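A short worksheet on the structure shown next.
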Amino acid sequence: MHIGIDVGGTNTDAVLMDGRTPLAGVKNSTSPDVTAGIVSAIEALREARSFEGSEIHAVMIGTTHFINALVQAKRLAPTAALRLGLPATKALPPLVDWPEALIEAIDARSYLAHGGYEFDGRPISPLDVAELKGIAADMAAHGVRSVAISSVFSPVNHDVETRAAAILADELGDGVAISLSHEIGRIGLLERENATIINAALRELASEIVDGLTSAVRAQGIEAPIFLSQNDGTLMDEDYVRLYPVATFASGPTNSMRGAALTSGLETCAVVDIGGTTADIGLLVNGFPRETANEVKVAGVRTNFRMPDVLSLGIGGGSIVDTETAEVGPESVGYRLTTEALVFGGSTLTATDIAVAAGRAQVGDPAKVAHLDPAFVQRVLDRIAERVAEAVDRMRTSPDPIPVVAVGGGSILLPDELPIFGAVHRPENYAVANAIGASIAQVGGEIDKVYAVEPGRRDEAIAAVRAEAVDKAIAAGASPSSVAIVDFDEVPIPYLPGNATRIRVKAVGDLAMEVRV
């Protein structure tokens, strides 16, 4: 057996799984201390279905710890950004488009140094060791505790990033964490650099959180390995999280979509996940979320993370309802739903109150919403259905019919028939689909590089990249026999010489629990 946990802004869900079969699921309010909320979720799960700690082979967690820290600009380490590319790239220095408040929160410093490569691997300029030692001395003098190193075209050749990291590590000592851009972002210097700086700023917090989650799970008598789910629907172990905390940012919507695929039996569909704060709409293609092709802004910073293509609406069970316009959200009472909503004795009209008044939910005291005008209640529900249908219509890429699966506790707000799309699939265990998604997450490996493909050797080059992605998935903990290629892109780049081609390959496989436990 294994446990899946998903921490949302309003609720923390947990599910006990036997293989791919849910045995029990619970939904608790998210506590201000997220780690304490996870402890409560495991305790509630044990009450719902008794189990011994020794029976659990793995714990999978999807958490909002890191994205919350960045958005709130709290608990971030003093960080330096070092870009290798001189004499090029001086026009737009590191951190050029960051919000000032976030720059102050990480006490940011930026540096430019020689190095970097052209797209085909030709060096822009040689690395200057003396220059890097001088930069390291300045970092130490200003109390820098984490460093982000990015080099021009490092996804093609990352040698200078690795060498620069070794020099800085010698000068700064083990107390400074170093993040390298070729391990984090994709092609696109500024976005990749930004993602690396964010990762660097979160490194100290990552160690604290991993230690906290580990102690919380161990306190429940569970000695099984702990994994966190990442943006693309795959898993990473504790050591990986300490190095790459940014990989968790979009785990919530991803988990919900993966859980929807399992519980509904549909591998290609639109998924509407309505929680306490937002409704997230995404598309599943072959069982995995469609990834966005655009840059992703996180806390006002442009990045190129591997993120699912998700459209979020400010509609959820805790959303505040305007009594005059019948509009819902985007303001929400969040985890205070059980004290603020009318049905729980509060004074705020929420979407949950509307659902109870309409007879779609049986929570709290229905008598406290009996005074609501049925016509007004229906107007609110119709408006929710209309906005969700419009969002699904915007997400699909063809006019062909597509099934719609509704998950999340807030999906009670949707009707059985959605405008434009017809019947809404609401599978069993829909309320904890996000925790189910976390529990069934697989292990992945992805390669995204620009290659100079020699004439007549295209098939050989592609085969090598595919093999590299498979090897990366196996190294991450996937069972070799289960690994398969689930995504492949090949894009020629005509404005660069030498048959330049960007090749992206993603391989995934089932977690080899028998090896990890």
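All of these numbers come straight from a predicted model, not from anything done at the bench. Residue numbers start at 1 and run along the sequence shown.
The environment of E331 atom CD is sparse: at most 12 non-hydrogen atoms of other residues, nucleotides or ligands sit within 6.0 angstrom.
Between P245 and N199, the closest side-chain pair of non-hydrogen atoms falls below 4.5 Å. Considering only heavy atoms from C-beta on, L262 comes within 4.5 Å of I436 through its side chain. In this structure, the side chains of R242 and D239 come closer than 4.5 Å at one or more pairs of heavy atoms. Side-chain atoms of I197 and W98, non-hydrogen and from C-beta on, do get closer than 4.5 Å to each other. Side-chain atoms of Y244 and E183, non-hydrogen and from C-beta on, do get closer than 4.5 Å to each other. Counting heavy atoms from C-beta outward, H158 and L180 have side chains that stay 4.5 Å or more apart. Residues R466 and F488 form a side-chain contact, since some pair of their non-hydrogen atoms from C-beta on lies under 4.5 Å apart.
Without hydrogens or angle criteria, S154 side chain to S150 main chain gives no donor-acceptor distance under 3.5 Å.
Going from atom CZ of R290 over to atom CG of D309 covers 4.5 Å, rounded to the nearest 0.5 Å. One finds the CG atom of L84 at 6.5 Å from the CD1 atom of I149 (value rounded to the nearest 0.5 Å). Here the CG-CG distance, from L70 to L102, works out to 5.5 Å after rounding to the nearest 0.5 Å. With values rounded to the nearest 0.5 angstrom, M257 atom CE is found 8.0 Å from D280 atom CG. Between atom CZ of residue R163 and atom CG of residue L132 there is a gap of 9.0 Å, rounded to the nearest 0.5 Å. In this structure, the separation between CD on E161 and OG on S179 is 10.5 Å, given to the nearest 0.5 Å.
No side-chain donor from either of S54 and E223 sits under 3.5 Å from a side-chain acceptor of the other. Side-chain atoms of R109 and Y111 form a donor-acceptor pair, as typed in the model, at a separation below 3.5 Å.
Residue L337 comes nearest to V333 through the heavy atom pair CA-CG2, 3.6 Å, listed as atom of the first residue, atom of the second, then distance.
With sequence neighbours excluded, the residues that form a side chain to side chain contact (heavy atoms under 4.5 Å, CB included) with I474 are V470, P480, V483. Listed by chain and residue number, nothing satisfies the salt bridge (Lys or Arg N to Asp or Glu O under 4.0 Å) test with R203 (two or more places apart in sequence, or in another chain).
By the 6.0 Å and 45° rule, R46 stacks over the aromatic ring of F51.
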